[in-house]
Structures are given as structure tokens and as C-alpha cells.
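The block underneath contains the structure these notes are about, expressed in C-alpha cells.
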Amino acid sequence: EVQLVESGGGLVQAGGSLRLSCVASGFSFDDYAIGWIRQAPGQEREGISCISTSAGTTYYDDRVRGRFTISSDNAKNTVYLQMNSLKPEDTAVYFCGALKKQFASWYRDAKEFVFRGQGTQVTVSS
């Protein structure tokens, strides 16, 4: 059974930090890229970052580049998203997802993800 389980969300003040974790199981970690998708209230899901776990290549949307860092621990089938300098506009449900690694650069399109977790809420207060 494919599972992606997120953790680490919560309530933080603007300027603060959170680290999200995503533990994957049930599929070959090396065959996929793992990314983070977020959905703010009333908005569509959007991919914000992705890592090709086999190559280590990382991708960031302009809205998070320089503030967020994605990393992976392949021995633990786990991907992390370190979020610093959080802003109220980062408030959203954050999902981790998997897409075929040859499509990693398409991470901004949430429809490209073939597996997705249940999400974790991140709320940034002003």
C-alpha cells in the first residue's frame, strides 16, 4: 500500500520557522521525485518544491526560493521541507506527493503527482 505521511505543521508567527516531514512507503523511492504541494483556502493546489531523490536535484517556486529548503534522507524514505521566514501568505494545507522522476521539473502542476498524502496544516499569524 502506497503511503505518504506528513507531519510538522502547526501555528507559527510571521518570521518563524517550521520543518515538515514526509515519510513514504509502498513504492520505490528512487523511481520518483518527492515534492510539496500547498492549498490555501479558496485556492487551487500548487506545487512549491520538489527533490529528485536519486539525483539530489532540487526545485523551488519563486515564492519560496531562499526561504524554504527541501532535503531527503533516502535511508529513511523521508523528505523534509525546512520553512524559514514564514509569511501569512504561506498559510495553507501542505501535502507531500510523488511524481515520476523524469517529470520532476513539472512539480508546479499538482496534477502531475501520482501519489499524495493527507496533508498537514500550516498557519502563519501576522
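Side chains are part of it too, since the values below use all heavy atoms of this structure and drop only hydrogens, waters and symmetry mates.
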Going through the distances and angles, do Leu81 and Ser49 end up as a side chain to side chain contact (heavy atoms under 4.5 Å, CB included)? CA-CA 9 Å; Leu81 186 70; Ser49 185; 4.3 Å; yes

Is there a path of hydrophobic side-chain contacts, each under 4.5 Å between heavy atoms, that joins [X] and [Y]?
{"X": "Ile37", "Y": "Val93", "value": "yes"}
{"X": "Leu4", "Y": "Leu99", "value": "no"}
{"X": "Phe103", "Y": "Tyr107", "value": "yes"}
{"X": "Tyr32", "Y": "Val2", "value": "yes"}

Nearest-0.5 Å distance, [atom1] of residue [X] to [atom2] of residue [Y]:
{"X": "Arg67", "Y": "Leu86", "atom1": "CZ", "atom2": "CG", "result": "6.5 Å"}
{"X": "Ile48", "Y": "Arg65", "atom1": "CD1", "atom2": "CZ", "result": "12.0 Å"}
{"X": "Ile51", "Y": "Cys96", "atom1": "CD1", "atom2": "SG", "result": "13.0 Å"}
{"X": "Leu18", "Y": "Gln82", "atom1": "CG", "atom2": "CD", "result": "8.5 Å"}

Decide if atom NZ of Lys100 counts as having more than 12 heavy atoms of other residues, nucleotides or ligands within a radius under 6.0 Å.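 Yes, NZ of Lys100 has more than 12 neighbouring heavy atoms, counting only those of other groups under 6.0 Å.
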
CD/Gln118: more than 12 non-hydrogen atoms of other groups inside 6.0 Å: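 No, because the 6.0 Å sphere around CD of Gln118 holds 12 heavy atoms or fewer from other groups.
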
[X] side chain near [Y] side chain, heavy-atom distance below 4.5 Å:
{"X": "Asp61", "Y": "Glu46", "value": "no"}
{"X": "Tyr59", "Y": "Arg108", "value": "no"}
{"X": "Gln121", "Y": "Thr91", "value": "yes"}

Assess whether side chain to side chain contact (heavy atoms under 4.5 Å, CB included) is satisfied between Thr69 and Tyr60, documenting all intermediate values. CA-CA 8 Å; Thr69 302; Tyr60 297 96; 3.8 Å; yes

Search all heavy atoms of [X] against all heavy atoms of [Y] and return the closest pair with its distance.
{"X": "Val64", "Y": "Arg38", "answer": "CG1-NH1, 4.1 Å"}
{"X": "Asn74", "Y": "Thr53", "answer": "ND2-O, 2.8 Å"}
{"X": "Thr78", "Y": "Lys76", "answer": "OG1-O, 2.8 Å"}
{"X": "Ser52", "Y": "Ala33", "answer": "CA-CB, 4.1 Å"}
{"X": "Gln43", "Y": "Gln39", "answer": "O-NE2, 3.1 Å"}
{"X": "Ser85", "Y": "Ser17", "answer": "N-OG, 4.4 Å"}

Does Glu6 reach the main-chain N or O of Thr120 with its side chain, forming a donor-acceptor pair under 3.5 Å? no

Would you find a donor on one side and an acceptor on the other, under 3.5 Å apart, between the side chain of Asn77 and the backbone of Phe29?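 Such a contact is absent between Asn77 side chain and Phe29 backbone.
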
Per the side-chain contact (heavy atoms from CB on, under 4.5 Å) rule, which among Tyr80, Trp36, Phe68 passes with Leu20?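 Only match with Leu20 under side-chain contact (heavy atoms from CB on, under 4.5 Å): Trp36.
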
Residues pairing under disulfide (SG to SG under 2.5 Å) where one sits in residues 46-92, two or more places apart or in two chains, turn out to be none

With sequence neighbours left out, what residues match Glu112 under salt bridge (Lys or Arg N to Asp or Glu O under 4.0 Å)? none

Does the ring center of Phe95 lie less than 6.0 Å from the ring center of Phe113? no

Could you give me the CA-CA distance, side-chain angles and deciding distance for Val124 and Glu89, then say whether side chain to side chain contact (heavy atoms under 4.5 Å, CB included) is met? CA-CA 8 Å; Val124 184; Glu89 52 263 44; over 6 Å; no

Evaluate side chain to side chain contact (heavy atoms under 4.5 Å, CB included) for Phe27 paired with Val114, printing each intermediate quantity in order. CA-CA 11 Å; Phe27 62 95; Val114 295; over 6 Å; no

Should Asp90 and Lys87 count as an ion pair when the cut-off is N to O under 4.0 Å? no

